[in-house]
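Have a look at the structure below, then the notes.
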Amino acid sequence: MIEFSYSEPDSLVELLEMLEEGGNTAALLAGGTDLVNHIRIGKRTPSKVISLKSVRELNHEITFCQDGIMIGALTTLSAIEKHSVVRERFPALAEAVNKIGSTQIRNKGTLVGNLCNASPAADAIPALLIYNAVIHIVSKKERRTVPIEAFMKGPGKTDLQQGEIVESIFVPNPPANSGSCYLKSSRRDGADLTIVGAAALVALSGEVRIGLGAVAPVPFRAHAAEKMVRDEQVNLDAALDEAVKQANPISDLRASREYRLAMIKTFTRKAIHICRGRIQK
């Protein structure tokens with residue numbers, strides 16, 4: 001049986017002091033949908049669990065500004081999925097969040113928690129990649145921002161240093177006259193983990209963005225493929241071959257490496273087609 005202390009600070013200063021005191025054995029609790037399961041199966045054995053839910057400086061809301069949206073550390077997946085403006089302006093993010101777990105999981109889990117769990121198969125991260133999201137990080141010493149592409153370091157690993165937490169995620173507005181979407185391949189609808197996740201954004205200007213998940217140690221932007229898709233002289237199949245070259249999937253109980261590589265092209269092609277149909281001229 002795993003034993004740990006539980007604390008519920010009510011200020012950011014108190015939280016950061018507790019986190020510093022707890023060191024490597026402290027764990028943060030927001031929605032708890034990942035942490036509780038990890039403790040149950042022995043993947044994590046914290047000596048101290050620190051709840052974020054009463055920290056008054058941490059936001060539960062989605063804040064809209066001229067340049068984009070700010071998603072607070074305690075904003076639930078359901079709040080994002082159901083928000084009419086998010087669904088209209090950032091459809092790929094709303095669709096990706098909708099694919100995470102069950103309704104009960106989305107009602108408790110947070111986007112920041114999903115990001116910090118750093119699963120290679122995380123549904124939300126490809127969507128955050130195509131929107132060029134920026135991660136806002138805070139510690140006792142400083143505040144800093146990190147582009148989403150630099151935040152992910154490996155399976156279960158992020159750019160967070162000891163004593164730091166993610167305070168919020170900023171998602172810039174997509175380009176004008178653009179369409180975006182997220183598609184997921186899984187064995188069954190609902191809570192099943194992703195086999196291949198594909199997010200895409202296409203703008204009338206010709207800009208193309210592609211974010212892929214579950215096909216490498218971290219979700220990634222397929223930059224070489226994006227450039228080739230923009231080139232009208234290049235066949236789409238040849239462009240998508242570049243995305244496949246960048247991938248390095250594993251074989252597991254859900255799918256083989258070979259199947260995942262084949263599905264990259266299938267789902268990315270479909271995502272691009274949907275995006276083109278969504279462009280508002």
Side-chain angles (χ1 to χ4, degrees), residues 90-100 111 114-115 117-135 147-159 169 171 174-175 178-187 192-203 207-231 234-252 254-276 278:
F90 304 92
L93 180 59
E95 290 165 353
V97 166
N98 175 258
K99 301 294 185 182
I100 299 174
L111 180 62
N114 185 257
L115 174 70
N117 188 48
S119 168
D123 288 299
I125 298 176
L128 292 173
L129 284 166
I130 64 165
Y131 291 128
N132 293 329
V134 177
I135 315 305
I148 181 70
E149 285 191 85
F151 185 76
M152 312 303 299
K153 297 297 184 182
K157 298 178 181 179
T158 71
D159 191 54
I169 302 172
V171 188
S178 65
S180 59
C181 77
Y182 176 77
L183 299 177
K184 170 179 177 173
S185 169
S186 61
R187 293 178 300 179
D192 204 4
L193 291 178
T194 305
I195 294 173
V196 172
L201 181 150
V202 178
E207 183 175 5
V208 177
R209 302 176 190 172
I210 298 168
L212 296 172
V215 293
V218 297
F220 64 89
R221 277 280 295 274
H223 290 289
E226 292 173 356
K227 292 178 181 178
M228 293 180 71
V229 174
R230 289 197 294 267
D231 186 345
V234 177
N235 180 274
L236 180 58
D237 231 35
L240 296 182
D241 282 336
E242 290 300 311
V244 174
K245 290 177 184 177
Q246 196 174 342
N248 185 25
I250 62 171
S251 294
D252 59 17
R254 290 182 293 280
S256 67
R257 170 185 171 86
E258 292 73 21
Y259 180 80
R260 284 189 163 98
L261 289 171
M263 289 300 100
I264 289 172
K265 294 180 69 171
T266 299
F267 276 79
T268 305
R269 183 186 296 107
K270 184 176 180 181
I272 290 172
H273 176 74
I274 292 172
C275 290
R276 286 172 173 163
R278 288 181 174 180

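In this chain, numbering begins with 1 at the start of the sequence shown.
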Spacing of NZ belonging to Lys270 relative to CE belonging to Met263, to within rounding of 0.5 Å: 11.0 Å

Any idea which heavy atoms bring Glu226 and Ile210 closest together, and the distance? OE2-N, 2.6 Å

Does any N or O in the side chain of Lys99 come within less than 3.5 Å of the main-chain N or O of Lys184, such that one atom is a donor and the other an acceptor? no

Which heavy atom of Leu193 sits nearest a heavy atom of Arg254, and at what distance? CD1-NH1, 3.5 Å

Taking only residues two or more places apart in sequence or in another chain, which ones pass salt bridge (Lys or Arg N to Asp or Glu O under 4.0 Å) with Lys245? Glu242

Side chains of Ser119 and Thr194: does their closest heavy-atom pair fall under 4.5 Å? no

Contacts of Tyr182 meeting ring-ring contact (aromatic ring centres under 6.0 Å, His included) (sequence neighbours excluded), chain-then-number -> none

Look only at the side chain of Arg276 and the backbone of Val202, and say whether a donor-acceptor pair between them is shorter than 3.5 Å. no

Looking at OH of Tyr131 and CD1 of Ile169, how far apart are the two atoms once the value is rounded to the nearest 0.5 Å? 14.0 Å

To check you understand the geometry: which heavy-atom pair defines the closest contact between Ala271 and Ala198, and what is its length? CB-O, 4.4 Å

Taking NZ in Lys153 as the centre, count heavy atoms belonging to other residues, nucleotides or ligands within less than 6.0 Å. Is the count above 12? yes

side-chain contact (heavy atoms from CB on, under 4.5 Å) between Asp237 and Arg269, intermediate numbers included: CA-CA 8 Å; Asp237 231 35; Arg269 183 186 296 107; 2.4 Å; yes

Does Leu240 form a side-chain contact (heavy atoms from CB on, under 4.5 Å) with Met228? I'd like the steps, not just the answer. CA-CA 8 Å; Leu240 296 182; Met228 293 180 71; over 6 Å; no

Any heavy-atom pair between the side chains of Pro155 and Pro217 that's under 4.5 Å? yes

For Asn132 and Arg209, what are the C-alpha separation, side-chain angles and deciding distance, and is it a side-chain contact (heavy atoms from CB on, under 4.5 Å)? CA-CA 10 Å; Asn132 293 329; Arg209 302 176 190 172; 3.4 Å; yes

Can you tell me how far CE of Met152 sits from CG of Leu115, rounded to the nearest 0.5 angstrom? 5.5 Å

Could you tell me whether the side chain of Arg257 and the main chain of Ser251 form a donor-acceptor pair under 3.5 Å? no

Over all heavy atoms of both residues, which pair between Ala247 and Leu261 is shortest? Give the atoms and the distance, please. CB-CD2, 4.1 Å

pair Ile148-Ile135: side-chain heavy atoms closer than 4.5 Å: yes

Hey, what do you get for CG (Asp123) to CG (Leu183), rounding to the nearest 0.5 Å? 11.0 Å

Do you know the tightest heavy-atom contact between Leu212 and Ala243? CD1-CB, 4.0 Å

Among residues at least two apart in sequence or on other chains, which ones pass salt bridge (Lys or Arg N to Asp or Glu O under 4.0 Å) with Glu95? Arg278

Is there a donor-acceptor contact under 3.5 Å from the side chain of Arg260 to the main chain of Val196? no

Please round to the nearest 0.5 Å and tell me the distance separating atom CG of Asn117 and atom CD1 of Ile125. 8.5 Å

Val234 vs Val229, side-chain contact (heavy atoms from CB on, under 4.5 Å): CA-CA, chis, key distance, verdict: CA-CA 7 Å; Val234 177; Val229 174; over 6 Å; no

Determine the minimum heavy-atom distance between Ile130 and Ser180, stating which atoms define it. CD1-CB, 4.1 Å

Residues, nucleotides or ligands: over 12 heavy atoms within 6.0 Å of His223 NE2: yes

